[in-house]
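The figures that follow rest on heavy atoms only: side chains count, while hydrogens, waters and symmetry mates do not.
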Amino acid sequence: MSNTENISTVADVVAEDAAAAKSSKSGKLTLLPLVALVVGSELGGGVFNLPHDASAGASPGAIILGWAITGIGVLALALVYQSLSMRKPELNAGPYAYARAGFGDFVGFSSAWGYWISAFLGNVSYAVAIFSALAFFFPVFGAGNNLVSVIGASICLWLLHTLVLRGVREAAFVNVITTIAKLAPLLLFIVLTLLAFNYDKFTFNFWGQATADGFTGLGSVVGQVKSTMLVTLWVFVGIEGASVFSGRAARRSDVGRATVIGFLATLAIYILVSLLSTGVLSQPELADLQVPAMAYVLEPIAGKWGSGLINLGLVICVGGAFLSWTLLCAEIPYVCGKDGIFPRWFSAENANGAPVNSLWVTNGLIQIFLILSLFASTAYQFFYSIATVAILPPYLFSGAYALKIALTGESYDENPRGRTKDLIFGLIATVYGVWMLYAAGPSFLLMMTILFAPGMVVYVLARRNAKENGRLFNFWEGLFALALIVAACIACWLISNGTISPF
């Protein structure tokens, strides 16, 4: 490279930094708040119940394989978002925008709808987890007092609603603080369980097969690995957080950096939390733990103060995730409203630049599902499972879009470097998305269609609102829409006769 080119490159970086600094003063998000959005979105209630959720149907060996598959798949997805954020800078709002650009309006809408469902149901599960932790300190929130917990969760929901209405940048700053605060109890848990780790307990029945002492086997290793898939993906939901806010980023390159940094940090934490726990308690003991499982793992090591610390950490951690996902929940309908994929009404902003109408509808739905949680004995597990399944189509189409443009060469004419790498990671992310749909199983997929089917009414209204006079669906879109309606009807029938159960 010539000196002139070097000077030009340095000048570009300096100019980009200067632009980022100027943008940060005007309400744009720089690298730190973007990283905090990724980490804050991922580090929620899932990590605090990971010792139970990972071990409920899997041995340590199967858990390791599960993390290996998820790590490769989510890393590919993170690199897909990093690449697309630079090659397609005109596309904002992450998964939705990529699905629409690659596969048309209806697929884009379906991805946005699935992402929105996943986001607000994730918030419902966070609210449930917060008050499960508070029950440690305040028994009034314990078992048998679900109504009190729902009232408390509702108050928290509308307080966060008020905060976001003050402006996205202000809420993102608060999220940075909560993200830093939530790391302390997690790091303490890792240190204490590492010191108490028992290698013999960790290796006992390493693959979950039946033993001579009467231990009931966990089934095939493949089946055990499948049982970990929704759990391990659930804790990574939020990996696309920076991409969703790419339109508000001060510097485009920070979107990709924030995604990869957030992934690597959280992957290390998740693996250590789930595997170190298997060296403290046996698989049957871990499978019997209540929410939050991490507190009960630490109690034999550190006593009641350890459990109290973890429960306090969960409240801070999940409270931060609650805020992150409140931001993400409202952003998708807002951007879709601006693009005409949702009714334009969703694109309204208040004087602080907050997506006011989108926020009201989203939090209204969260409130409804909080009330429904009164009738669920396993509300946390159910809502996070459905939330994870609902986000699979957006992730699948993101990987498929990266694969598509790498195959066709779109956007590679001026900058062909990295095309082979993007092709490989796009393929891995796509295969991982298909595998996850298989691992989710038919029951959750059918229940998910009940939530997807009403979205077609919103799509039709949006098209009419945008004065689209042509056909609402092409042949393949119409076929997909019909299949979705039929599947939703089948799911309702199976629920009504007790074949499958939502709770």
*asked:* Under a 3.5 Å distance rule, please check whether Thr499 uses its side chain to pair with a backbone N or O of Ile495 as donor and acceptor.
replied: no
*asked:* Quick one, Asn123 with Cys329, criterion side-chain contact (heavy atoms from CB on, under 4.5 Å). Give me CA distance, side-chain angles, the key distance, then yes/no.
replied: CA-CA 9 Å; Asn123 257 4; Cys329 281; 4.1 Å; yes
*Mark yes or no for whether Thr162, through its side chain, and Trp158, through its backbone, hold a donor-acceptor pair below 3.5 Å.*
yes
*Does Asn49 reach the side chain of Gln290, with side-chain heavy atoms less than 4.5 Å apart?*
no
*Less than 4.5 Å apart, any side-chain heavy atom of Tyr432 and any of Leu233?*
yes
*Side-chain donor/acceptor of Ser307 to backbone N/O of Ala295, under 3.5 Å*: yes
_Can a donor-acceptor pair be found, under 3.5 Å and without considering hydrogens, that links the side chain of Ser358 to the backbone of Pro355?_
no
*So do Phe138 and Val148 actually touch side chain to side chain, heavy atoms under 4.5 Å?*
no
*asked:* Over 60° means perpendicular and under 30° means parallel, so tell me whether Trp435 and Tyr438 are parallel, tilted or perpendicular.
replied: tilted
*Backbone of Leu286 reached by a side-chain donor or acceptor of His52 within 3.5 Å*: no
*Ser111 side chain to Tyr96 backbone, donor-acceptor under 3.5 Å*: no
_Side chains of Phe425 and Leu77, heavy atoms from C-beta outward: is any pair under 4.5 Å?_
no
*At their closest point, which heavy atom of Tyr395 faces which heavy atom of Tyr81, and how far apart are they?*
CD2-OH, 3.5 Å
*May I ask you to decide if Ala406's main-chain N or O and Asp422's side chain share a donor-acceptor pair within less than 3.5 Å?*
no
_Minimum heavy-atom separation for Val47 and Val273, please, with both atom names._
O-CG1, 3.9 Å
*Using atom types as modelled and distance alone, determine if a side-chain donor or acceptor of Lys201 lies under 3.5 Å from a backbone N or O of Val280.*
yes
*How are the rings of Tyr199 and Phe202 set to each other: parallel, tilted or perpendicular (split at 30° and 60°)?*
tilted
*Are any of the side-chain heavy atoms of Phe204 and Gln283 separated by less than 4.5 Å?*
no
*Does a side-chain heavy-atom distance below 4.5 Å link Leu451 with Leu121?*
yes
*Leu289/Glu285 under side-chain contact (heavy atoms from CB on, under 4.5 Å): CA gap, chis, key distance, verdict*: CA-CA 7 Å; Leu289 297 181; Glu285 290 172 327; 5.8 Å; no
*Are the side chain of Gln224 and the backbone N or O of Ser59 linked by a donor-acceptor pair below 3.5 Å?*
yes
*Measure from the side-chain N and O atoms of Thr362 to the backbone N and O of Leu359, and report whether any donor-acceptor pair falls under 3.5 Å.*
no
*Which word best sums up how the rings of Trp67 and Tyr270 line up, parallel for under 30°, tilted for 30 to 60°, or perpendicular for over 60°?*
parallel
*Do the side chains of Phe120 and Asn363 get nearer than 4.5 Å, heavy atoms only?*
no
*Check whether any side-chain heavy atom of Val297 sits under 4.5 Å from a side-chain heavy atom of Phe189, and report yes or no.*
yes
